[in-house]
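In what follows, a structure is listed as structure tokens, so that the remarks can point back to it.
All ligand and atom numbering here is 1-based and tracks the order in the structure.
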Amino acid sequence: MADISNKLFASDPVVLPKGGPLYLQLKRWIEEAIERGAVKPGDALPSERDLALKVDVSRVTVRKAVQHLVRAGVLVQRHGSGTFVAPHSQRVEQSLSQLTSFTEDMARRGMSVRAIWLDRGLYPPSPEETVALGLSGGDLVARIARLRLSGDIPLAIERASLSSRLLPDPEAIESSLYAHLERSNHRPVRAIQRIRAASLGAADAGLLGVAEGAASLNIERISYLESGRVVEFTRSIYRGDTYDFVAELRIGAASETRAK
Ligand code: GLP
């Protein structure tokens with residue numbers, strides 16, 4: 001198994017991306033190395049000690065960054081043998097039980113992401129947004145609409161609405177909405193997702209580069225802060241031929257009791 005030290009530390013000293021706590025900077029730096037292809041699926045990450053020394057951060061910071069990436073499925077830990085970049089698959093698998101962002105889903109596959117902005121700004125909310133986001137009279141809604149691509153391949157259209165109190169400046173988002181929210185401590189911790197099959201209308205099919213009427217998976221996500229406050233009301237339209245949703249199923253409590 002290849003050790004990636006040489007490729008990872010090609011630029012010496014290491015310069016972490018700016019913004020947010022140190023462990024998030026390190027997390028982004030590792031994600032970027034994977035996106036650039038500097039490190040590949042299956043490569044072993046240097047030890048916690050080596051990373052801390054080279055990047056000049058504490059081992060606690062390294063551990064926290066690695067834990068986040070393992071949780072997001074970008075890295076995998078094998079007991080006794082270390083931490084590795086997660087394997088690559090052509091279809092994108094999105095876990096149905098982990099609250100991950102589009103950027104994290106793609107990084108886990110070693111795929112680079114980019115967005116074409118279709119819209120972003122502050123608007124008076126629609127009645128549906130007022131209800132979904134629990135807005136009060138006079139509140140504005142921040143809307144962001146993006147075509148999301150991996151390289152040149154369009155994968156999804158995402159239209160998100162958030163209270164302007166949580167997202168006062170939609171223009172400030174660089175690429176990931178969740179990374180932006182994380183910096184202001186507003187990253188959601190829980191979400192309810194509704195998924196349904198649909199076929200694409202002419203406009204969305206055009207954006208996704210497929211024929212009108214092609215299959216899509218339409219997902220509505222309402223996500224929440226720890227406090228129970230709603231963060232986002234997002235409608236995503238994923239191309240049906242590129243996405244797999246994976247759920248881990250466990251036997252229910254009632255059946256377990258019966259089986260005893
Ligand atoms: C997923 C979800 C969206 C969420 C988005 C954030 O795709 N379906 O509800 O807004 O991730 O992704 P990112 O942080 O990459 O902008």
Item to check | Interfacing atoms of ligand 1 (cut-off 4.0 Å, heavy-atom, Ser236) | outcome: 8 (N)

Item to check | Lys/Arg N to Asp/Glu carboxylate O, Glu220 vs Arg159, below 4.0 Å | outcome: no

Please report, to 0.1 Å, the donor-acceptor pairs under 3.5 Å made by any side chain of residues 133-147, with sequence neighbours excluded.
from	atom 1	to	atom 2	distance (Å)
Ser136	OG	Asp139	OD2	3.4
Asp139	OD1	Arg165	NE	3.3
Asp139	OD1	Arg165	NH2	2.6
Asp139	OD2	Ser136	N	2.9
Arg143	NE	Glu129	OE1	3.4
Arg143	NE	Glu129	OE2	2.9
Arg143	NH2	Glu129	OE1	2.9
Arg146	NH1	Ser175	O	3.0

Item to check | Residue Leu177 vicinity, atoms of ligand 1 by number, heavy atom under 4.0 Å | outcome: 10 (O), 13 (P), 14 (O), 16 (O)

Checklist entry - For atom CG of Asp56, is the number of surrounding heavy atoms from other residues, nucleotides or ligands below 6.0 Å larger than 12? => result no

Checklist outcome for this item: d(Ser223 OG, Leu99 CG) to nearest 0.5 Å is 6.5 Å

Item to check | Any N/O pair Arg148/ligand 1 closer than 3.5 Å | outcome: yes

Item to check | Within-shell test, Ala160 vs ligand 1, heavy atom, strictly < 4.0 Å | outcome: no

Checklist entry - When you look for heavy atoms under 4.0 Å from ligand 1, do you find them on the side chain of Glu158, its backbone, both, or neither? => result side chain

Next on the checklist: Check this for me - ligand 1, Phe102, N or O atoms closer than 3.5 angstrom, yes or no?
Outcome noted: yes

Checklist entry - Does Tyr238 reach the side chain of Ser216, with side-chain heavy atoms less than 4.5 Å apart? => result no

Item to check | Region of Tyr238 engaging ligand 1 - heavy atom pairs below 4.0 Å | outcome: side chain

Next on the checklist: Looking at Glu158 and Arg235, is there a salt bridge between them, counting it only when a charged N and a carboxylate O are closer than 4.0 Å?
Outcome noted: no

Checklist entry - In Å and rounded to the nearest 0.5 Å, what is the OG to CD distance from Ser176 to Glu104? => result 6.5 Å

Next on the checklist: With heavy-atom distances below 4.0 Å as the criterion, list the atoms of ligand 1 near Thr103.
Outcome noted: 13 (P), 15 (O)

Checklist entry - Any side-chain donor-acceptor pair under 3.5 Å between Glu232 and Tyr224? => result no

Checklist entry - Counting heavy atoms only, which part of Thr234 comes closer than 4.0 Å to ligand 1: side chain, backbone, both or neither? => result side chain

Next on the checklist: Applying a heavy-atom cut-off of 4.0 Å, say which part of Arg146 lies close to ligand 1: side chain, backbone, both or neither.
Outcome noted: side chain

Checklist entry - What part of Ser101 sits under 4.0 Å from ligand 1 if we count only heavy atoms: the side chain, the backbone, both or neither? => result both

Item to check | Which of the ligand 1 atoms, numbered from 1, are nearer than 4.0 Å to a heavy atom of Tyr178 | outcome: 4 (C), 6 (C), 10 (O), 14 (O)

